[in-house]
Amino acid sequence: MADLEGNLDAKDFGIGKVQENHGFPVKGASQLDFGMRHRLARIFGADGRTAMLAFDHGYFQGPTSGLERIDLNIVPLAEHVDALMATRGILRSVVPASSDNALVLRASGGPSILKELSNERIAMDMEDAVRIDAAGVAVQVFIGGEYETQSIQNLTTLVDAGLKAGIPVLGVTAVGKDMVRDSRYFGLATRIIAELGAQMVKTYYVEEGFADVTAGCPVPIIMAGGKKLPALDALTMAYKAIQSGAAGVDMGRNIFQRKDPLAMVQAVGSVVHAGLTPDQALQQYKDLSGGADD
Ligand code: R5P
């Protein structure tokens, strides 16, 4: 193993030089099998970007604000996003099977908010992901967390199963309470997840050095939303993440906890796919919502 004492800080990320995609719009995916590329092409548009709606929070939080009734609050938003990220329980019981969306299935779980969250295990069989027609499966990875190695093993086990089935894996950086959220941490976590085989990585935006995080990751980075912010801040974060090389967003609370989630989901989609600036997207949110001010 490389000697940590002689380890030099990474500094040359070749910012501005885009990784060659060899004709397939998803970063790092041109050499994957047909089925996997076909699924990735459902998650990502022809522009290589995705607007994904996350509403899997119930797998450890129960019915959080905005997700009390997924049939009423979330299903009407689905037509405005490329992909839905949810548990199999919600997909089977609530999401219409006639939905056109790519489905990214929550594949890990175990502890609730009452316990140590990093103690997750794989919570489904890849065969069931095939039955559901999932376009991808998602697993938390707790780099630096108490159960780091176990969560890495969850990832690598799913990657092996996904390669057999042709289903890509989304590795999600899960940040523990005491960890510093900076580009050095996210650069470490996202690169480990990609090196160990995930075809997509979801991580949080940071103001300083996010372009280094995306450039240092050989597969697409999808920005996680986080807690609810004022609409302009959330749209700015999405915009800056994409400008810094993210391939899209996977947002939850910043959409479904809004006064008008249907308006917000469209504004977020416009930032991702139509290149609207934060101010333009905020205007779209206000226009569509009849002047919502949150
Ligand atoms: C996190 O544990 C889950 O993957 C959530 O789906 C996601 O990260 C939360 O979305 P948001 O932070 O945008 O509400």
Side-chain angles (χ1 to χ4, degrees), residues 13-21 24-29 40-54 77 80-85 101-102 104 136 138 168 170-173 181-183 186-187 189-191 193-194 198-255 258 263-285 288:
F13 286 95
I15 302 297
K17 294 179 205 154
V18 177
Q19 182 177 309
E20 176 56 64
N21 280 342
F24 189 69
V26 181
K27 188 176 182 184
L40 287 167
R42 285 152 62 187
I43 297 172
F44 296 90
D47 58 0
R49 291 190 182 160
T50 186
M52 195 184 297
L53 179 62
L77 314 184
H80 299 288
V81 291
D82 302 292
L84 304 176
M85 179 174 177
N101 303 98
V104 178
L170 172 66
V172 181
T173 61
R181 292 180 173 222
D182 62 11
S183 62
F186 288 122
T190 56
R191 180 64 172 260
I193 290 170
Q199 290 81 14
M200 307 166 275
V201 181
K202 170 170 159 176
T203 197
Y204 291 95
Y205 177 74
V206 284
E207 280 290 336
E208 291 294 315
F210 194 68
D212 290 348
V213 177
T214 62
C217 183
V219 299
I221 295 257
I222 300 170
M223 187 204 80
K227 67 175 185 208
K228 186 186 169 195
L229 302 169
L232 181 61
D233 293 356
L235 293 165
T236 301
M237 184 171 74
Y239 179 81
K240 286 184 177 172
I242 293 205
Q243 294 299 308
S244 306
V249 303
D250 182 18
M251 293 169 88
R253 288 164 288 176
N254 270 294
I255 293 174
R258 221 34 81 193
M264 187 64 177
V265 78
Q266 292 174 75
V268 168
S270 297
V271 169
V272 172
H273 289 299
L276 256 58
T277 63
D279 285 336
Q280 291 169 329
L282 180 68
Q283 194 55 52
Q284 184 182 18
Y285 174 60
L288 291 172

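Note that the structure is predicted; figures quoted are calculated from it, not measured.
- Here the side chain of D182 pairs no donor or acceptor atom with the backbone of V206 at under 3.5 angstrom.
- Side-chain atoms of K240 and T236, non-hydrogen and from C-beta on, do get closer than 4.5 Å to each other.
- Of the inter-residue distances, the one linking R191 atom CZ with D212 atom CG reads 12.0 Å to the nearest 0.5 angstrom.
- For the pair R181 and Y204, the distance from NZ or CZ to the six-membered ring centre is under 6.0 Å and the angle to the ring normal is within 45 degrees.
- Of all non-hydrogen atoms in T214 and S244, the two that sit nearest each other are OG1-O, 2.6 Å.
- Nearest approach of P220 to V26, heavy atoms of both residues: CG-CG1, 3.5 Å.
- You'll find the side chain of F44 reaches within 4.5 Å of the side chain of I222, heavy atoms only.
- Going from atom OH of Y205 over to atom OG of S183 covers 10.5 Å, rounded to the nearest 0.5 Å.
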Q) Would L276 and Q284 count as a side-chain contact (heavy atoms from CB on, under 4.5 Å) if you check the C-alpha gap in whole Å, the side-chain angles of each, and the deciding distance to 0.1 Å? A) CA-CA 9 Å; L276 256 58; Q284 184 182 18; 3.6 Å; yes

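- Listed for the K27 side chain is a donor-acceptor partner under 3.5 Å among the backbone atoms of C217.
- Checking each of V81, I255, N254 against V268 for a side chain to side chain contact (heavy atoms under 4.5 Å, CB included) leaves exactly one that passes, namely I255.
- Residue A194 comes nearest to V219 through the heavy atom pair CB-CG2, 3.9 Å, listed as atom of the first residue, atom of the second, then distance.
- Residues M251 and L53 have side chains not in contact (no heavy-atom distance under 4.5 Å, counting atoms from C-beta outward).
- Checking side-chain atoms of Q19 against main-chain N and O of P218 turns up a donor-acceptor pair under 3.5 Å.
- Between the side chain of R49 and the main chain of V272, a donor-acceptor pair closer than 3.5 Å is present.
- Put simply, CG on L282 and CE on M264 are 8.0 Å apart, with the number rounded to the nearest 0.5 Å.
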Q) D47 and H273: side-chain contact (heavy atoms from CB on, under 4.5 Å), yes or no, with the steps? A) CA-CA 7 Å; D47 58 0; H273 289 299; 2.6 Å; yes

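- Exactly one residue among N101, V104, L77 makes a side chain to side chain contact (heavy atoms under 4.5 Å, CB included) with L84. That residue is N101.
- The distance from the CG atom of D250 to the CE atom of M200 is 10.0 Å, given to the nearest 0.5 Å.
- Heavy-atom minimum distance, I15 versus A211: CD1-O, 3.5 Å.
- A distance of 6.0 Å separates CZ of F210 from CD1 of I221, quoted to the nearest 0.5 Å.
- Scanning all heavy atoms of the two residues, the minimum distance from L40 to A29 falls at CD1-CB, 3.7 Å.
- The two residues A215 and F13 have their closest heavy-atom pair at CB-O, 3.5 Å.
- The main-chain N or O of A51 is found under 3.5 Å from a side-chain atom of D82 such that the two form a donor-acceptor pair.
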Name every donor-acceptor pair, under 3.5 Å, that has one atom in a side chain of residues 223-235 and the other anywhere in the protein, sequence neighbours excluded.
unit_1: K228; atom_1: NZ; unit_2: Q257; atom_2: O; d: 3.4
unit_1: K228; atom_1: NZ; unit_2: D294; atom_2: OD2; d: 3.2

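- Interatomic distance, I193 CD1 to K202 NZ, rounded to the nearest 0.5 Å: 11.5 Å.
- The backbone N or O of I43 sits less than 3.5 Å from a side-chain atom of T50, completing a donor-acceptor pair.
- Under the 3.5 Å distance criterion, the side-chain polar atoms of T173 are left unmatched by any main-chain donor or acceptor of A189.
- Within a 6.0 Å sphere centred on CD of E208, other residues, nucleotides and ligands contribute 12 heavy atoms or fewer.
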